[in-house]
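Encoded as structure tokens, the structure appears first; notes follow it.
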Amino acid sequence: MKQPPSNLPLRLRKKHGSGVRRDISAADGERLVLAQSFRYGLFAGVITIAIFSVLWVALSSLTNRVFPWMTVVLGAMLGFAVRRAGRGVDWRFPVLAAGLTLLGALLANIVVAASYTAETFDTGTLQVLRAVTSMTWPVFFDEVLTAADGFYALFAAGLAAFLANRQLTRSQYYALRLWRSESDRHH
């Protein structure tokens, strides 16, 4: 029987490949696991928090408003940073991103509040942060942090956890499953 030509004008272009299964083994999954770096993910997260805090202070100073939903942006930034730097494929990376987001949301709120206080007293933000005492914290938690800040921080932590793991192709996921099943049999 005659085969139809492979380049028919009314057919859509194939985007999914030839259908031939690639040679995948557990060693490919092991390479994915060995490519992970919790340390790099943590380092990228800390840098992201510092950059975000500066950006949030700058935006708040320019507009003379504090946007509590900016912590959601922090969550997205941290999720992507942990994904790119950590290249994680297990549960540690979403937990890292969520924890860093909660910590970063608190630290960024502290820096923004110190920036506003510094503007009020016509001094520097770092001077205000250095002048913080044990008497300052109850006032900060009573007057500055609100329920909206907590809600946005929790939402941002969930978003960061969702975005933190490396996106795998089908073949990479299959290789990871092979490696995990092989390592489970050996233990």
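Numbering starts at 1 and runs along the sequence shown. These figures come from a predicted structure and were not determined experimentally.
Partners of Asn165 under the side chain to side chain donor-acceptor pair (under 3.5 Å) rule, at least two apart in sequence or in another chain, do not exist in this structure. Remark: Ser181 pairs with no residue by the side chain to side chain donor-acceptor pair (under 3.5 Å) rule, at least two apart or across chains. In this view, Ser37 satisfies the side chain to side chain donor-acceptor pair (under 3.5 Å) rule with no residue, not counting sequence neighbours. Take Ala26 and apply the side-chain contact (heavy atoms from CB on, under 4.5 Å) test, not counting sequence neighbours, and it matches Leu178, Trp179, Glu182.
For the atom pair Leu102 CG and Leu154 CG, the distance stands at 6.0 Å (nearest 0.5 Å). Interatomic distance, Leu159 CG to Tyr152 OH, rounded to the nearest 0.5 Å: 13.5 Å. With rounding to the nearest 0.5 angstrom, the CG atom of Leu129 is 10.0 Å from the CG atom of Leu107. Taking CG of Asp142 as the start and CZ of Phe140 as the end, the distance is 11.0 Å to the nearest 0.5 Å. A distance of 11.5 Å separates OG1 of Thr117 from CD1 of Ile110, quoted to the nearest 0.5 Å.
Identified under the salt bridge (charged side-chain N to carboxylate O under 4.0 Å, His left out) test for residues 73-99, with sequence neighbours left out: Asp90-Arg92.
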Could you walk me through whether Phe52 and Met70 pass the side chain to side chain contact (heavy atoms under 4.5 Å, CB included) test, one step at a time?
-> CA-CA 9 Å; Phe52 173 79; Met70 285 292 289; 3.9 Å; yes
Going through the distances and angles, do Tyr174 and Asp28 end up as a side chain to side chain contact (heavy atoms under 4.5 Å, CB included)?
-> CA-CA 9 Å; Tyr174 181 64; Asp28 297 322; over 6 Å; no
Could you list the donor-acceptor pairs under 3.5 angstrom formed between side-chain atoms of residues 72-82 and any protein atom two or more places apart in sequence or on another chain?
none

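Gln36 places a side-chain N or O within donor-acceptor distance of the main-chain N or O of Val33, the cut-off being under 3.5 Å. A side-chain donor-acceptor contact under 3.5 Å links Asn109 to the backbone of Ala105. At distances below 3.5 Å, not a single donor-acceptor pair connects side-chain atoms of Thr123 with backbone N or O atoms of Glu119.
Taking the side chain as every heavy atom from C-beta outward, Thr71 and Trp56 approach each other to under 4.5 Å. In this structure, Ile51 and Leu55 have side chains that are in contact, with non-hydrogen atoms separated by less than 4.5 Å. Using a 4.5 Å heavy-atom threshold, the side chains of Ser115 and Ser61 count as touching.
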